[in-house]
Amino acid sequence: MTSGAGTSGGFGGSAPERAVLLAQARGLTIATGESLTAGMVAAALASVPGASTVLRGGVVSYHRDVKAALLGVEPELLERVGAVDAEVARQMAMGARNGCGADIGVSTTGVAGPEAHEGKEVGTVFIGVVSAFISTVREYRFHGSRGQIREATCAAAVMLLTEALELEPAGTNGVPQ
């Protein structure tokens, strides 16, 4: 990626760096709820020096029961639609935000392959971002190997998080580390 103003409000550097710097400048904290990325989004953010000022934590919720127990996803919803769904992604982001005491939560759920899962094709991904002011979910169709789908999902999650951070009113980031 190139640095420059772009859509990141003048924050240059890598996509994770732009997200962290934007959150710092806005006084906002972040939490992740990840399924198919298994912590890649949190790791990407944590790779940025100073990320501890904004990254509150995250939950890797590969199985349905963990999504329900730790992220508060409704078990009935999981039973009805499966784990790869827009509303599941929204509830995962909300659960990460609430569970970690963050201003904004980002989630990933999808099918990285090698086979379809619960009737969803390989490459089907939902990414959610939830704050007190924003609740958005986007569906993606990625192609490639399992690793490529996971990498594309991580990159898309950081970009969607950055877009949400740009729209989010400034916070106080008053939560001690």
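We count residues from 1, following the sequence as given. These numbers come from a predicted model, not from an experiment.
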Is R18 reaching over with its side chain to a backbone N or O of G13, donor-acceptor style, under 3.5 angstrom? yes
For C100 and A31, work out which heavy atoms get closest and say how close. CB-CB, 3.5 Å
Rounded to the nearest 0.5 angstrom, the OG1-CG distance for T108 and L160 is 11.5 Å
Are E74 and K67 within salt-bridge range, i.e. N to O under 4.0 Å? no
Give a yes or no on whether the backbone of S145 and the side-chain of Q148 come within a donor-acceptor separation of less than 3.5 Å. yes
Looking at E34, is its backbone amide N or carbonyl O close enough to the side chain of S107 to form a donor-acceptor pair, meaning the two atoms are under 3.5 Å apart? no
Can you give me the closest heavy-atom contact between V41 and A157, atom names plus distance? CG2-CB, 3.8 Å
Is it the case that one hydrophobic cluster holds both L77 and V59, taking links as side-chain heavy atoms less than 4.5 Å apart, direct or via other members? yes
Show the nearest heavy-atom pair for residues A38 and Y62, with the distance to one decimal. CB-CE1, 4.1 Å
Roughly how far, to the nearest 0.5 Å, is CG of L45 from CG of L161? 6.0 Å
Side-chain donor-acceptor pairs of residues 127-136 under 3.5 Å, sequence neighbours excluded:
| residue | atom | partner | partner atom | Å |
| --- | --- | --- | --- | --- |
| S131 | OG | F133 | N | 3.0 |
| S131 | OG | I134 | N | 2.9 |
| S131 | OG | E168 | OE1 | 2.6 |
| S131 | OG | E168 | OE2 | 3.2 |

Verify same cluster id: L22, V106 (apolar side-chain graph, 4.5 Å): yes
Let me check something: do V88 and M94 share a hydrophobic cluster, defined by ILVMFWY side-chain heavy atoms less than 4.5 Å apart, either directly or through other members? no
Is the CD atom of E87 crowded by more than 12 outside heavy atoms at less than 6.0 Å? yes
For the side chain of R64 and the backbone of P75, is there at least one donor-acceptor N/O pair under 3.5 Å apart? no
Residue from V54, T162, L165, I30 passing side-chain contact (heavy atoms from CB on, under 4.5 Å) with V20: V54
Looking at CD1 of I104 and CZ of R26, how far apart are the two atoms once the value is rounded to the nearest 0.5 Å? 10.0 Å
Test side-chain contact (heavy atoms from CB on, under 4.5 Å) on T109 and M92 and set out the steps. CA-CA 9 Å; T109 187; M92 287 173 64; 3.9 Å; yes
Nearest heavy-atom contact between A15 and M159 is CB-SD, 4.1 Å
Short question: side chain of E163, backbone of V158 - any donor-acceptor pair under 3.5 Å? no
Indicate yes or no for a side-chain donor-acceptor contact from R146 to the backbone of A112 under 3.5 Å, with no hydrogens or angles considered. no
For the hydrophobic clusters of this structure (ILVMFWY residues joined by side-chain heavy atoms under 4.5 Å, transitively), does one cluster hold both V81 and V84? no
Any chance you could measure S61, atom OG, to L36, atom CG, to the nearest 0.5 Å? 10.0 Å
Is the side chain of R97 donor-acceptor paired with the backbone N or O of D103 at a distance under 3.5 Å, no angle test? yes
Side-chain donor or acceptor of T124 paired with backbone N/O of K120 under 3.5 Å: no
Compare every heavy atom of L55 with every heavy atom of A42, then report the nearest pair and how far apart it is. O-CD2, 3.6 Å
Exceeds 12 heavy-atom contacts within 6.0 angstrom, atom CD of E139: yes
Under 3.5 Å: donor-acceptor pair, side chain of S14, backbone of E17: yes
Path from I149 to V137 over hydrophobic side-chain contacts below 4.5 Å: yes
Interatomic distance, CD@E118 vs CG@D85, rounded to 0.5 Å, equals 10.0 Å
Distance from F142 atom CZ to T153 atom OG1, nearest 0.5 Å? 4.5 Å
Atom of V60, atom of V66 and distance for their closest heavy-atom approach: O-CG1, 3.9 Å
